[in-house]
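What follows is one structure encoded as structure tokens, with my remarks underneath.
From a predicted model like this one, the values you see are computed outputs, not experimental measurements. Below, each value reflects all heavy atoms present in this structure, side chains not excepted, and no hydrogens, waters or symmetry copies.
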Amino acid sequence: VDAVRPQAAALRQGFLRLTAAQVAQQVRAGAALQTRDTANVARLVRWAQASDPATVGQVMAEVMTTDLRPGLAAIRAPVLQIAAVGAFPS
């Protein structure tokens with residue numbers, strides 16, 4: 001987590017300079033990593049267009065720098081973990 005803090009801070013700052021249209025453009029460019037269903041690309045782009053760039057940057061930075069592993073054993077409810085793995089080799 002500590003190793004990615006500088007990248008997370010830079011990402012957060014970068015999103016402060018983006019418009020919602022620019023965020024949507026970035027999502028469109030990276031949509032193949034998020035879905036293999038081309039019908040969902042338009043949905044992802046719409047969601048990005050409707051999002052506040054500063055909030056997106058903040059959330060992405062928090063995801064990058066938050067390690068949830070210590071508390072996982074305490075979860076006593078069913079959990080569905082979903083991960084986009086399209087960019088990773090099998």
Quiz item: What pair of heavy atoms forms the shortest contact from T65 to A61, and how long is it?
Solution: OG1-O, 2.8 Å

Self-check item: Full working for side-chain contact (heavy atoms from CB on, under 4.5 Å) between Q49 and R46
Solution: CA-CA 5 Å; Q49 182 78 39; R46 281 194 313 273; 5.6 Å; no

Quiz item: More than 12 non-hydrogen atoms from neighbouring residues, nucleotides or ligands closer than 6.0 Å to CD on Q25, yes or no?
Solution: no

Practice problem: Evaluate the side-chain proximity of Q22 to F15: yes if any heavy-atom separation is below 4.5 Å, no if none is. | Solution: no

Quiz item: What heavy-atom pair brings A24 and A48 nearest, and what distance separates the two atoms?
Solution: CA-CB, 3.7 Å

Quiz prompt | Reported CD1-to-CG distance for the pair I75 and L68, which is rounded to 0.5 angstrom | solution = 8.0 Å

Exercise. Flag yes if V79 and L72 sit in one hydrophobic cluster, no otherwise; membership is Ile, Leu, Val, Met, Phe, Trp, Tyr, and two members link when side-chain heavy atoms are under 4.5 Å apart.
Key: yes

Exercise. Give a yes or no on whether the backbone of R43 and the side-chain of N40 come within a donor-acceptor separation of less than 3.5 Å.
Key: no

Quiz item: Can you name the closest pair of heavy atoms from A20 and P53 and give their distance?
Solution: N-CG, 3.6 Å

Practice problem: Of all the heavy-atom pairs spanning E62 and Q58, show the shortest one and how long it is. | Solution: OE2-NE2, 2.7 Å

Practice problem: Determine the minimum heavy-atom distance between R28 and V45, stating which atoms define it. | Solution: NH2-CG1, 3.1 Å

Self-check item: Note, V63 side chain near M60 side chain (heavy atom, < 4.5 Å)
Solution: no

